[in-house]
Amino acid sequence: MKAITFRHSDKLPIEFYRQKNVCTIARALIGKVLVSVFNNIEAAGRIVETEAYNGAIDKASHAWGGRRTNRTEIMYAAGGVAYVYLCYGIHHLFNVVTNEKDTPHAILIRGIEPLIGIDHMLQRTGKLRLDNTLTRGPGNVSKALGIYTQHTGLSLLDDELYIADDGFRIKPSQIIATPRIGVDYAGKDALLPYRFIVKDNPYVSGKKS
DNA sequence: CTGACGATTCACT
DNA sequence: GTGAATCGTCAGC
């Protein structure tokens, strides 16, 4: 594995996160690199699975109906910050807040392919060997990168947690849209094709191929 | 203050 | 396929 360190200039610019269409951003994030640098430990992986949450009009979103609570307040911030919340009392799920201030769009990062700091990821997750379960599924992604609810509100333009474009391109034909996972409660909104995945990638959650 | 439950994962049958 | 883990959040009293 080639050791790469991403330069500041590789970071996605603020304009990327401020785009109006959350699905466009979710699709564009596929193939980008999610980087965390906590306690001087760098870990990074290529994003292979995302889910868009379309604000107040999306029943699957925490901000459905304009719901505004202490937890979801950060979703109403201007795009380009992290929203991390605890699920089932165990899992910390990492989301990217997008669009302008007061439009609560967010994108859940559900799967990445490890690139850098794999030893640290193994240590954080308590796993012994690299396999496709290390960073498959949103809970595992956060665990491997050391992301916790306390990181909510971090700017993605800062140096601790950010997303970079290293020039790698996934063929558009390999990126497919499907319904989201675990949102059956959302009625017809559960059927929307707001989940984007890399076809046949082993780090995409769901049934094995 | 209390109780119900979740954008999940993993071990076990 | 089923169920437990485990706790912050939120609605309701």
Side-chain angles (χ1 to χ4, degrees), chain A residues 22-23 25-27 29-30 34 45 47-77 79 81-99 103-114 121-154 156 161 163 176-197 201-209:
Chain A
V22 70
C23 292
I25 304 175
R27 177 183 284 269
L29 280 176
I30 299 290
L34 176 60
I47 298 170
V48 298
E49 179 177 4
T50 62
E51 275 182 8
Y53 286 85
N54 196 23
I57 62 169
D58 181 358
K59 198 169 180 182
S61 170
H62 289 160
W64 174 58
R67 201 156 150 279
R68 201 159 183 152
T69 66
N70 200 45
R71 179 181 64 154
T72 61
E73 186 62 27
I74 194 64
M75 296 179 79
Y76 292 81
V81 297
Y83 168 41
V84 187
Y85 83 98
L86 187 67
C87 188
Y88 294 96
I90 302 173
H91 307 291
H92 300 253
L93 306 199
F94 169 68
N95 300 250
V96 177
V97 174
T98 69
N99 211 313
T103 304
H105 288 182
I107 298 168
L108 173 66
I109 306 300
R110 296 186 53 91
I112 67 175
E113 185 178 312
M121 294 188 197
L122 291 171
Q123 195 168 13
R124 282 167 173 155
T125 57
K127 292 179 193 287
L128 298 177
R129 294 177 174 285
L130 173 63
D131 63 23
N132 60 18
T133 68
L134 180 62
T135 52
R136 185 174 68 175
N140 292 328
V141 169
S142 302
K143 196 172 179 184
L145 293 183
I147 300 171
Y148 300 96
T149 55
Q150 66 192 64
H151 297 124
T152 274
L154 273 189
L156 299 179
L161 184 60
I163 299 173
I176 55 182
T178 78
R180 291 170 293 187
I181 304 296
V183 294
D184 294 344
Y185 59 86
K188 67 177 172 55
D189 284 347
L191 302 175
L192 295 169
Y194 282 2
R195 172 173 176 250
F196 299 92
I197 63 176
N201 187 289
Y203 291 95
V204 170
S205 63
K207 65 174 183 243
K208 260 198 239 177
S209 59

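Naming: A, B, ... by sequence-line order, numbering from 1 per chain.
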Look at the side chain of [X] and decide which nucleotide, out of [options], has an atom nearest to it.
{"X": "A/L86", "options": "B/dT8, C/dG8, B/dA7", "answer": "C/dG8"}
{"X": "A/T72", "options": "B/dA7, B/dT9, C/dC10", "answer": "C/dC10"}
{"X": "A/N140", "options": "C/dG8, C/dT9, B/dT9", "answer": "B/dT9"}
{"X": "A/I90", "options": "B/dA7, C/dA5, C/dA11", "answer": "C/dA5"}

Whole angstrom is fine here: how far is it from [atom1] in [X] over to [atom2] in [N]?
{"X": "A/Y185", "N": "B/dG6", "atom1": "OH", "atom2": "P", "value": "9 Å"}
{"X": "A/I181", "N": "B/dT9", "atom1": "CD1", "atom2": "C1'", "value": "14 Å"}
{"X": "A/Y88", "N": "B/dA11", "atom1": "OH", "atom2": "P", "value": "18 Å"}
{"X": "A/N95", "N": "B/dG6", "atom1": "CG", "atom2": "C1'", "value": "14 Å"}
{"X": "A/K143", "N": "C/dT6", "atom1": "NZ", "atom2": "P", "value": "12 Å"}
{"X": "A/R195", "N": "B/dT8", "atom1": "CZ", "atom2": "P", "value": "10 Å"}
{"X": "A/L108", "N": "B/dT8", "atom1": "CG", "atom2": "P", "value": "7 Å"}
{"X": "A/R68", "N": "C/dA11", "atom1": "CZ", "atom2": "P", "value": "15 Å"}

Do A/T149 and A/T152 meet the criterion of a side-chain donor-acceptor pair at a distance under 3.5 Å?
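No, A/T152 and A/T149 have no side-chain donor paired with an acceptor closer than 3.5 Å.
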Please say whether more than 12 non-hydrogen atoms of neighbouring residues, nucleotides or ligands are located less than 6.0 Å from CD in A/E73.
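Yes, the 6.0 Å shell around CD holds more than 12 heavy atoms from other groups.
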With no angle test and no hydrogens, is the base of B/dA7 tied to the side chain of A/H91 by a donor-acceptor pair under 3.5 Å?
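There is none.
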Using purine N1 to pyrimidine N3 plus N6-O4 or O6-N4 for Watson-Crick, or N1-O2 and O6-N3 for G-U wobble, both under 3.5 Å, which nucleotide pairs with B/dT8?
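WC or wobble partner is C/dA5.
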Please confirm whether the shortest side-chain N or O distance from [X] to OP1 or OP2 of [N] is below 4.0 Å.
{"X": "A/K59", "N": "B/dA7", "result": "no"}
{"X": "A/R136", "N": "B/dT9", "result": "no"}
{"X": "A/R67", "N": "C/dA11", "result": "yes"}

Distance between C1' atoms of B/dA7 and C/dG1 (Å, rounded)
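Going atom to atom, C1' in each nucleotide, I get 22 Å.
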Tell me whether A/E51 is salt-bridged to A/R180, with the criterion being a basic N under 4.0 Å from an acidic carboxylate O.
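No, this pair does not count.
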Counting the atoms with a prime plus P, OP1 and OP2 as sugar-phosphate, which does A/R180 contact under 4.0 Å by heavy atoms, base, sugar-phosphate, or nothing?
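Nothing, no nucleic acid heavy atom in range.
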Categorize A/L93 for me: base, sugar-phosphate, or nothing, with a 4.0 angstrom heavy-atom threshold over every strand shown.
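A/L93: backbone/sugar contact only, no base atoms under 4.0 Å.
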C/dG8 base stacked by A/Y85? Criteria: ring centres under 5.5 Å, plane angle under 30°.
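Aromatic stack with C/dG8 absent for A/Y85.
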Taking all non-hydrogen atoms of both residues, which atom of A/V204 and which atom of A/R195 are closest, and how far apart?
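It is CG1-NH2, 3.6 Å.
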Is the A/Y148 ring parallel, tilted or perpendicular to the A/H151 ring (thresholds 30°, 60°)?
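Plane angle between 30° and 60°, so tilted.
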